[in-house]
Amino acid sequence: MILYIKEIPDRRKEFHYEAWTIIDGTKNTKTSYARFMALTDLNDDGIPLKGVDLYGTELAGIRLPGAKMNSAKLIDSDLSEADLNEVDLSEADLTGANLKDANLGFAKLTGANLNSADLSYANLDFADLSQATFSGANLSGASLSGADLSGTYLSGANLHGVDLRDADISQAFLQGAIMPR
């Protein structure tokens, strides 16, 4: 019994290595339930997902609240209806990602690339979007109440119906953006 208890940390490490092996092994695979669960389990254990490459993956509905995913590559990924509350996606590449109806409240997206991303009806309340790029992104119907958009590049972004109450849009580049009515 003592030996079993003593080996718990080693078994946790082994479990984490196996989860990373699944994530790495499913690269270039659009849909993988094993990858979906590995990401969820690692996040639940507080393991940072920094720099993870999830290009073109199907992650609709994933729950990763508080995840540390800075510098992640989520290009063309489907994160629709995902719970990414308080996630750190600073410097992440989310070009063309589907984040429709995603919960990104209090998320950190400083310097993130969200060009051509679909963020329609997403919750971005109190998110830090400073210095992020949203060129051609669809933010229609999104809530950005209290969000920090200072220095954000929004050229060509669709902001129709966006809630910008108490948002900081100082020094945001809005030329060519479709503004809320």
Side-chain angles (χ1 to χ4, degrees), residues 30-31 35-36 39-40 43 49-181:
K30 184 170 178 66
T31 305
R35 176 182 50 224
F36 188 99
L39 288 164
T40 302
N43 188 60
L49 302 171
K50 181 180 180 181
V52 66
D53 187 352
L54 300 170
Y55 175 85
T57 58
E58 167 70 45
L59 297 169
I62 196 163
R63 304 285 182 248
L64 298 172
K68 293 169 183 66
M69 298 179 73
N70 46 318
S71 301
K73 292 166 189 68
L74 295 154
I75 301 164
D76 294 328
S77 293
D78 183 355
L79 295 153
S80 57
E81 299 179 25
D83 181 359
L84 302 170
N85 191 48
E86 296 184 32
V87 69
D88 182 353
L89 283 163
S90 54
E91 304 295 327
D93 192 343
L94 292 142
T95 303
N98 179 357
L99 292 154
K100 184 176 182 176
D101 293 310
N103 178 11
L104 289 153
F106 297 93
K108 184 175 182 178
L109 289 144
T110 308
N113 181 347
L114 291 134
N115 293 335
S116 302
D118 183 358
L119 292 134
S120 55
Y121 302 99
N123 172 15
L124 290 152
D125 291 342
F126 302 98
D128 183 353
L129 306 168
S130 58
Q131 306 301 315
T133 58
F134 288 88
S135 181
N138 181 8
L139 290 146
S140 63
S143 180
L144 287 105
S145 180
D148 181 0
L149 293 153
S150 58
T152 301
Y153 187 82
L154 292 154
S155 178
N158 181 356
L159 301 173
H160 181 74
V162 169
D163 178 2
L164 288 168
R165 242 174 324 151
D166 300 319
D168 179 2
I169 57 170
S170 63
Q171 299 177 2
F173 186 81
L174 297 165
Q175 187 174 356
I178 301 167
M179 296 304 288
R181 292 184 196 174

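Nothing fancy with the numbering, it's 1 onward along the sequence.
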Next item on the list: Under the side chain to side chain contact (heavy atoms under 4.5 Å, CB included) rule, what do Leu74 and Asp93 come out as? Steps first, then yes or no, please.
Entry: CA-CA 6 Å; Leu74 295 154; Asp93 192 343; over 6 Å; no
Margin query: Applying side chain to side chain contact (heavy atoms under 4.5 Å, CB included) to Ser150 and Gln171, what does each step give before you reach the verdict?
Written below: CA-CA 5 Å; Ser150 58; Gln171 299 177 2; 5.5 Å; no
Notebook entry, point to check: Do Phe36 and Leu59 pass the side chain to side chain contact (heavy atoms under 4.5 Å, CB included) test, and can you show the C-alpha distance, the side-chain angles, and the key distance before you say yes or no?
Noted result: CA-CA 7 Å; Phe36 188 99; Leu59 297 169; 4.1 Å; yes
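Taking each heavy atom of Leu94 and Ala117 in turn, the nearest pair found is O-CB, 3.8 Å. In plain terms, the two heavy atoms of Arg63 and Glu81 that are nearest each other are NH1-O, 2.9 Å. Residues Ser77 and Gly56 come closest through the heavy atom pair OG-N, 3.5 Å. Annotation for Leu84 and Leu99: closest pair CD1-CD2, 4.1 Å, computed over non-hydrogen atoms.
A donor-acceptor distance shorter than 3.5 angstrom exists from the side chain of Asp125 to the backbone of Ser145, with no hydrogens or angles considered. A donor-acceptor pair under 3.5 Å links the side-chain atoms of Thr152 to the main chain of Leu129, judged by distance alone. The closest donor-acceptor contact from the side chain of Asn158 to the backbone of Ser140 lies at 3.5 Å or more, if one exists at all. Remark: the backbone N or O of Gln175 is paired with a side-chain donor or acceptor of Ser155 at under 3.5 angstrom. In this structure, the side chain of Arg35 engages the main chain of Lys30 through a donor-acceptor pair within 3.5 Å. With hydrogens and angles ignored, the 3.5 Å screen pairs a side-chain donor or acceptor of Asn43 with a backbone N or O of Pro65.
Taking the side chain as every heavy atom from C-beta outward, Ser120 and Lys100 approach each other to under 4.5 Å. With a 4.5 Å cut-off on side-chain heavy atoms, Met69 and Leu54 count as touching.
Among Asp128, Leu174, Leu144, the single residue meeting the side-chain contact (heavy atoms from CB on, under 4.5 Å) criterion with Leu149 is Leu144. With Asn123 as the partner, the side chain to side chain donor-acceptor pair (under 3.5 Å) test is satisfied by one option alone out of Asn85, Asp83, Asn103: Asn103.
The structure places CG of Leu124 at 12.0 Å from CZ of Phe106, a figure rounded to the nearest 0.5 Å. Atom-to-atom distance recorded for Leu159:CG and Met179:CE is 5.5 Å, nearest 0.5 angstrom. Distance CG/Asp76 to CG/Asn98: 10.5 Å, rounded to 0.5 Å. Atoms CG and CZ, from Leu114 and Phe134 in turn, are 4.5 Å apart once rounded to the nearest 0.5 Å. With rounding to the nearest 0.5 Å, the separation of CG in Leu79 from CG in Leu89 is 8.5 Å. Interatomic distance, Leu119 CG to Ser80 OG, rounded to the nearest 0.5 Å: 11.5 Å.
Surrounding CG of Leu164 are more than 12 heavy atoms belonging to other residues, nucleotides or ligands, all under 6.0 Å away. More than 12 heavy atoms of other shown residues, nucleotides or ligands fall within 6.0 angstrom of atom CZ in Phe173.
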